Each structure stands twice: as structure tokens, then as C-alpha cells.
Amino acid sequence: MALSKTLEKLEKYNSRFEAGKVKKIKPSHVQKVIDKLETRERDLLEEIQTTKKASKRDRLERKRITTLEHLDRARWLLREIS
Amino acid sequence: MKRLVLPVILLVMISGFWVSPEFQQIAAGVAIFLFGMLMLEDGFKLFSGGFLESVLEKATGSVPRSLLFGIVTTTIMQSSSLVSLITISFLSAGLISLLAGVGIVFGANIGTTTGAWLVAGFGLKVNISAYAMPLLAVGIVLVFQRSKYLKGSGYVLAGLGFLFLGIHHMKEGFETFKDAFDLTRFAMTGVLGLLVYTLVGTLATVVMQSSHATMVLIITALAAGQISYENALALAIGANIGTTITAIIGSLTANYQGKQLALAHLIFNTATSAVALVFINQIRLAVDLVSGAVGIADNDYALKLAVFHTIFNVIGVGLMLPLLPRLIAFIERMIKEPALDLSRPKYLSQAVDEFPATIVSALQKEVRHLYSNAVELIAHGLNIHRHDLFATSDIAAFVANSDGPVEIDIDQRYEQRIKTLYSAIVEFTTRASGKELPPDVIARIYELRDVAERIVRAVKDIKHLRRNATRYTARPQGTATDLYNGLRTEIARILVEIEKLERAAPEDRSRLWLDEERVQVETDNREANQRIESLIRDGRISAEVATSFLNDANYAYGAMRDLIAAAQGYYVAADSAIAEIEKILEMEEEELETQN
């Protein structure tokens, strides 16, 4: 379901781009977002490893899963537009 | 007194028209010239919406660059008033520094002297009306085009056409005027002449609100032999003083920084004019030397006046530049930043209304101001001190220990610190969205208004929550205390995460981080509901506490969702392509549940 939603949004973006309403998304732009997400994932992992409180570790782990999901989508997007 | 000014001016004009048809032509020439300047200004404003703003931000990185920017833009636009207006708007919006603004003003003073060259070197020597006609014709056709840039070009061309036509009529007017009336009867020599004609030049510029128009009048009168060269120099000095009045009027609706710039303008022009008056003989000698060197005839007083105008402004900049840091320090002492009144808008003023970049920048800052007030109110509403919250490493423990009520009248604070600002933001966005702005700017304005609305809703939700949150946490009451501390902790975590976003460098942060919070809120909401059901089943809380909590949990999770959505709307990437990518990657509502 996740990628189908992302695909839908990409198609909507493409229509807006063809209508001249938005700037073109280039692979370099997507790579910048991927770099930010990878940094985020590394930071979360580091924090998980140094956190002693179990409930906080659980929360951080959920955040990391969300970030990994974003990374999957971003890499898919990069393949789509390359 | 003010009400008398307009009738007096009109009376003098009508009397003049009745006495002299030539005066009519000169007055009409001035009017056409001023109209041309208005069209030029409107034309250049249409080019704003990206290009102008990005040039301004890049071109003002240092004092020499600011100076050069002032010279070039004033030469192109032929209006130091427009350049002052742009500078005041950008200063008020916090997009350039006072130092850069003053540098631009200095440069504008030099750039404005090119007008005199245009008239004396070209306008008087050719049949300028022949150039005006095609400019007007082409310009007006372009004005009726839909494209903003074609329309802007049309205004610029038509504006130039009217400028030339105005010069033509002033020239013709003075030529025929001298046959009917000899103004040189009023020529005055010596110090008295210097002072009187300086005053006349100042008054003329104040009335016409344009030093350009005054200079054109002076040059055309001089060329027709209606005023002496000596008196023309004094009039030019007076025009330099009078032009500061325009800047002062422009600063009346600006914030304190705009007023600082107007003061800098006044000090610079007055000091330059004083130096010119004291050393007028020496400057006249310099004019003769320069004119001789560049081949200007000794009796071409119009061109020599242009040389004089340039020389004394360049001398002024040369004298003031080394004193610039001291000037800035003096201005900052004279016009201090006003003490922050958290209930008044800080960034929204009419001065920022002029350009898309200043509108968005000022609005963004004001929404941030609203959020800052909201965070304080939300934290205090939950009996938390935000500065301590942002410093703690264990939010849950910190919140549990923050059991003493923070004594505030939350309704009064809401009225003073939230509602007034929100009203100002709504009023500003309504006004701004009615202007002709690029679609992406309009979209951003609406987006920021929505951000403000969500912030206000979050605060209102906390107001609802406060009574019971205080009641059940001020002293330990077992499960009820745990439940309400849970809500307070979850809200506090959202505030902390948004604060982290704010502190991150713009190029490092991403609104995608907020998806983590959105997922967490849905998880917490679901777990809270499950816990309540379990507690009720086990008889561990009363129905009264359960229903209060469920009601308050609604408000709490509503506030959290609004705060997150507000942050998503606010922290949009500056690069629109990156912003589009983040929107594509963001999770939809229905996906938040499945992430758990």
C-alpha cells in the first residue's frame, strides 16, 4: 500500500509539472533527501544504543522504522526518475 | 495646518495658470514627468517575485557591494525613492542588515545623479519628444498584456516615454516663459543667495516628492537662461536635502529599522549638503577642471550642473564611508529596537507589503512569533516550564516532577498573546492575498495562515485540558495522575521535537521527521484508549475520571496533531524541488496506523 500511495502522489506531481506549476525533481534532489534520511537513521541508531530506558528505546526504534520506510520510498523514487 | 497645504498649492497653481500659459506648460511638464516616474516604479515592482529579491540578497553581502547595488539600481530605475522603498521593505522584513541598507542609500545618492546627465546630456540636446512617442505607443500596448513581465516592460517603456515628454514640455515651457517673464530678476548672489535658493530647492522637492523632477526643472530653467548657474547649484543642493523627506515619509509605516534607515538618509544628505554649501567655491573649481578634462564647453551650464551634482554626492559618500560604523552606532542609539511586546505583531507592517519576498519573510517570522507565544502558553497551561523542558534528558520524569501549578490566567494570556497576533496575521494574509502575486507566493501565504490557525487551535485545546490536568497532577491521585501525566508528557515530547527541528540547520532538517511524531501520536492514542478500557473493566478508575480523561485525551491528541501539522506546514524546504519530494514521501493518514 505504501508504494502505491507514493506512486499516486508522484503521478499527481507529474501532472502538475506538465502544467508548468512546479519545478522539476532531479535525481540530485532525491539524493539530497536520501542523504538527510540516512544521517537521521544513523543518529537514531546511535541514540538507541546509548539509551538505557526501555520505553525510550522503543520510541526511538519506532522512529527509526519510520525513517527506514522513508528511505525505501526515496530510493524507489530515485529509480523511478533516473 | 496640514489641511491648508493642498489648497494653497492648488491656489498657487491655478493662479499661475491664469497669469501665464507658459507656467501651465511647465507645470504640465512636471506632472507628466512625475507620472512617468510612477509608471517606472510600477513597472519595476512587477519584476519582483524572485529575481529582484535574489539579486538584492546576494548583492548586499558587503558595504562596497551594497554601494554598487545602490548605484546600479538607481541608475536603471531612475528613482532613488523606489530604491529607498525597496531597501526599507527588505530591512523591515529582516532580509538585509542596516549596514547594507545604508550602503544602498549611499549608492542611490550617486546613482540618482545620472538623471541630471540624462537630461543635460541628451534631453536638452535632441528633440526628446520624438523619442517619447514610440516609447509611449509600444509601452501602452505591452501594459495590456497578461504576462507580468511584458506588462512590467510596458510600464517601464511608457514611464520613460512620459519622462521624456515631461522634459520636453518643461524645456518648451521655459523657452517661451523667458519671453514673457524674466526669472533672472530674482537671482541672488553671495551667501544669502546660496541659502535662499537651497531652501527653495528643498521646498520644491518636498512638494513634488521627487528630486529628479526638481533637477529636471533646474536644468531646463538653467538651459533657458531663467536662473543663474550659481543659483542652480544652490537649488541642486536643496533638492538633495528635500529628497530625504520622501524617505522619512516612507519610514512612517515601517518598523524601527526602516526608521533607522530614514535617519541615516537624512544625516547623510544633510551632511553632504552642508559640506557642499561650505566648500561650494572649491567644488565649482573642481567642476570646471573636470568639465574641461572631459570636453564640456565652459558655457554648457546644464552639463556642468550634472558634473556638480555627481561630484558633491561622490564627495559625500567619500566622507561618510569611513564614518559608517560610527553612523550605524549613533543611529542604533537614537532609534533603539523597541522593547518586545509579545502581544503585538513584530514583523508585520505596511512597509513589508510591497514585495513578495518581504511579505513571505515577515509572515513566516510573525507565525514563528505566534508559535513562540503558544509554546509558552501550552507549557504553562500544563504546569511546565519550557526552558527546563527543552534542557531535560528525561521528559517523562521531568513532567511527573512538575506538579506545582503555574499560576496564570490562561484566558487572559490567550486574548493578549495569541488572539491579537492571530488576528494581525489573518488581516495581513487577507490583504496580501488580494495583491497581484505569483501563485507560489499566494500558496505559501495561505499555507502560513493555516499554520497559524492550527497553532491557535492547539492552544485552545490545552485551555480545555488545563483544569483537569492541574486537578489530577497537583497532588498524587494514583491512576488518574498517571493518565494525565501521560498526556502531559506526550504533548511535551511534541514541543521538544519541534524545538529540535527549529534548532537544526535548514539544510539538515526535514519535515519528514514529523512523520515519526504522527505515528507516535496514533500509537499513544490507541494505547491510551486500550488502557482506559482495561482500567474500567478492572474497576481501577471511576467512570467520572474515565469520561473526563477520554474527553481531555481528545483535546490533547487534537492539540498534538495540530502542532505537528503546523510544524509540517512551517518547515517546508526552501528548495521547492526538495519540498515536492518530501510531500511525495510523506505518509498518508491511513498509513500511520499500519506503521505500528
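Lettering follows sequence order; numbering is per chain, from 1. Note that the structure is a prediction, hence the values are computed from the model and not measured.
- Within a 6.0 Å sphere centred on NZ of K12(A), heavy atoms belonging to other residues, nucleotides or ligands number 12 at most.
- R59(A) and Q520(B) form no side-chain donor-acceptor contact under 3.5 Å, judged by distance and modelled atom types alone.
- V30(A) touches chain B through backbone and side chain together, each having a heavy atom under 4.5 Å away.
- Atom CH2 of residue W513(B) and atom CG of residue L44(A) lie 9.0 Å apart, to the nearest 0.5 angstrom.
- E589(B) CD: 12 or fewer foreign heavy atoms inside a 6.0 Å radius.
- Proximity to chain B (any heavy atom under 4.5 Å) is restricted, for R40(A), to the side chain, taken from C-beta onward.
- For R518(B), no part sits under 4.5 Å from any heavy atom of chain A, backbone or side chain.
- Only the side chain of R16(A) comes within less than 4.5 Å of a heavy atom in chain B; its backbone stays farther off.
- Between K9(A) and the options E588(B), E580(B), E586(B), a side-chain hydrogen bond (donor to acceptor under 3.5 Å, both in side chains) holds for only E588(B).
- Neither the backbone nor the side chain of L60(A) comes within contact range of chain B; no heavy atoms are under 4.5 Å apart.
- Closest heavy-atom contact between S576(B) and K23(A): OG-CD, 3.3 Å.
- Put simply, the residue from L71(A), L77(A), D72(A) that forms a side chain to side chain contact (heavy atoms under 4.5 Å, CB included) with L585(B) is L77(A).
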> Passes side chain to side chain contact (heavy atoms under 4.5 Å, CB included), I25(A) versus I584(B)? Steps please.
Replying inline: CA-CA 11 Å; I25(A) 291 173; I584(B) 292 169; 3.8 Å; yes
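- To the nearest 0.5 angstrom, K583(B) atom NZ is 15.5 Å from T6(A) atom OG1.
- To the nearest 0.5 angstrom, S510(B) atom OG is 13.5 Å from K32(A) atom NZ.
- Taking chain A as the reference chain and counting heavy-atom pairs below 4.5 Å, the highest number among I578(B), D515(B), L512(B) is found for L512(B).
- At a 4.5 Å heavy-atom cutoff, the contact between K24(A) and chain B is made by backbone atoms alone.
- Atom CD of E61(A) has more than 12 heavy atoms from other residues, nucleotides or ligands within 6.0 Å.
- Ion pairing of K63(A) with E517(B) is present here, as a side-chain N (NZ or NE/NH1/NH2) and a carboxylate O approach within less than 4.0 Å.
- For K21(A) and D440(B), the salt-bridge test fails: no basic side-chain N is under 4.0 Å from an acidic carboxylate O.
- With a 4.5 Å cut-off on side-chain heavy atoms, E582(B) and K36(A) count as touching.
- Using a 4.5 Å cut-off on side-chain heavy atoms (C-beta onward), M587(B) and K5(A) make no contact.
- Within the 4.5 Å cutoff, the side chain of E516(B) has no heavy atoms near those of the R62(A) side chain.
- Of the atoms belonging to L37(A), it is side-chain heavy atoms, and not backbone ones, that fall under 4.5 Å from chain B.
- Looking at D394(B), the atoms closer than 4.5 Å to chain A (heavy atoms on both sides) all sit in the side chain, from C-beta outward.
- Only the backbone of D508(B) comes within contact range of chain A, judged by heavy atoms closer than 4.5 Å.
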